[in-house]
Amino acid sequence: MAEWIQGTVADNIHWTENLYSLKIDADVEPFVAGQFTSLALEIDGERIARPYSFLSAPGQNPLEFFFYTATGGVLSNAMLDLEAGDSIWLKKKANGFFTLSEVPSSKDLWMFGTGTGIAPFFSILKTEELWERFENVILVHGVRTNADLRYQELIENIRHDQPERFQFKAFVTREDAAGAYRGRITSAIADGNLESLCGINLSPENSQIMLCGNPDMVKDTVAVLKERGFKKNLRRTPGQITVENYW
Ligand SMILES: Cc1cc2nc3c(=O)[nH]c(=O)nc-3n(C[C@H](O)[C@H](O)[C@H](O)COP(=O)(O)OP(=O)(O)OC[C@H]3O[C@@H](n4cnc5c(N)ncnc54)[C@H](O)[C@@H]3O)c2cc1C
């Protein structure tokens with residue numbers, strides 16, 4: 001069992017009614033971008049723990065996490081009330097295989113995230129390994145409303161640093177939003193719109209795909225990609241699709 005340590009909340013940023021980020025000072029062991037740790041609070045005498053992806057890059061201080069308040073969700077709603085100076089439990093050692101070391105090299109890396117499932121990509125985007133191993137990186141974020149599109153400044157910074165090699169596309173399902181496309185990521189892959197927008201083809205020869213967040217999005221996207229000849233990436237049989245389901 002990994003050791004629990006106490007961290008101190010440095011900031012709690014409420015983006016919308018349902019979205020917030022915590023910055024936490026904690027002495028966790030070094031982790032790899034894309035991994036997650038567990039966070040926990042004592043609620044009614046019981047330690048309630050859930051896994052959360054690091055949004056911050058390895059070595060970055062404070063640590064940062066991005067949350068959605070799940071309807072009726074115990075921990076995500078409890079953490080919403082935390083203030084600077086409050087304590088929170090974290091597992092000292094990180095976990096998970098949603099990391100670049102698990103992704104075969106290719107020309108293009110596509111990152112598809114829904115909601116807070118964009119978090120691990122921000123950690124990965126800050127690593128040197130990403131830019132050493134892939135020529136083009138396309139980050140695609142699927143959300144319900146325009147207000148759910150957070151961390152635009154961070155995205156702008158990456159665009160500024162990698163103007164030729166980095167693209168960001170946002171898909172909003174429930175309303176029209178400036179600078180974003182209306183609809184689902186899955187449909188935009190199926191009808192070829194995403195490739196047209198990016199000017200890059202999705203092909204098993206040139207593309208690796210990382211998918212994170214809502215399991216329905218992950219399942220539907222995997223199904224669409226499999227029709228195009230893509231395969232799940234397994235340790236023994238490398239393919240092109242690497243996934244992280246949030247529930
Ligand atoms: C590897 C991994 C990494 C994760 N990283 C993150 C993260 O960075 N940010 C984050 O917000 N969540 C993340 N999650 C989900 C998180 O662990 C919890 O499930 C979530 O916060 C709900 O916990 P809860 O106690 O509030 O509600 P629970 O009662 O445990 O869950 C209630 C329901 O909420 C829904 N749900 C769970 N997570 C989400 C979500 N992110 N967005 C929308 N609906 C959701 C599901 O339907 C779930 O059954 C991750 C999960 C895994 C497995």
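Position 1 is the first residue of the sequence, and the numbers go up from there. One-based numbering, in listed order, for ligands and for the atoms of each.
In terms of protein heavy-atom proximity, atom 29 (O) of ligand 1 is nearest to G73 CA, 3.9 Å. Atom 10 (C) of ligand 1 has as its closest protein heavy atom T116 OG1, 3.3 Å. For atom 30 (O) of ligand 1, the closest non-hydrogen atom on the protein side is R50 NE, 2.9 Å. Of the protein's non-hydrogen atoms, A70 CB, 4.0 Å is the one closest to atom 22 (C) of ligand 1. Among all protein heavy atoms, the one lying closest to atom 40 (C) of ligand 1 is W247 CZ3, 3.5 Å. Looking only at heavy atoms of the protein, atom 1 (C) of ligand 1 is closest to F36 CD2, 3.5 Å. Given atom 15 (C) of ligand 1, the protein heavy atom at minimum distance is Y246 O, 3.5 Å. Closest protein heavy atom to atom 20 (C) of ligand 1: Y52 OH, 3.7 Å.
In terms of heavy atoms, L149 sits closest to A170 at CD2-CB, 3.7 Å. Nearest heavy atom pair, residue P62 against residue K23, reads CG-CB, 3.8 Å.
Side chain of Q208 to main chain of G239: a donor-acceptor pair is present (N/O by atom type, distance under 3.5 Å, no hydrogens or angles).
For T69, no heavy-atom contact with ligand 1 is shorter than 4.0 Å.
The salt bridge (Lys or Arg N to Asp or Glu O under 4.0 Å) test applied to E102 returns R235, not counting sequence neighbours. Every residue two or more places apart in sequence or in another chain that forms a side chain to side chain donor-acceptor pair (under 3.5 Å) with W15 is listed here: S21.
Ring orientation note: the planes of F166 and W131 are nearly perpendicular, at an angle over 60° on the 30°/60° scale. Ring geometry, Y181 versus F171: the interplanar angle falls from 30° to 60°, so the pair is classed tilted.
Annotation: Q6, atom CD; neighbour count of heavy atoms from other residues, nucleotides and ligands within 6.0 Å is above 12.
Residue contacts with ligand 1: T114 is excluded, as none of its non-hydrogen atoms falls under 4.0 Å.
Here's the thing with P51: one of its N/O atoms is less than 3.5 angstrom from an N/O atom of ligand 1. Taking distance alone, with nitrogen or oxygen atoms compared against 3.5 Å, Y68 approaches ligand 1 more closely than that limit. Looking at F66 next to ligand 1, an N or O pair under 3.5 Å apart turns up.
Donor-acceptor pairing under 3.5 Å is recorded for the side chains of T69 and N18.
Near F67, the atoms of ligand 1 lying under 4.0 angstrom from a non-hydrogen atom of the residue are 11 (O).
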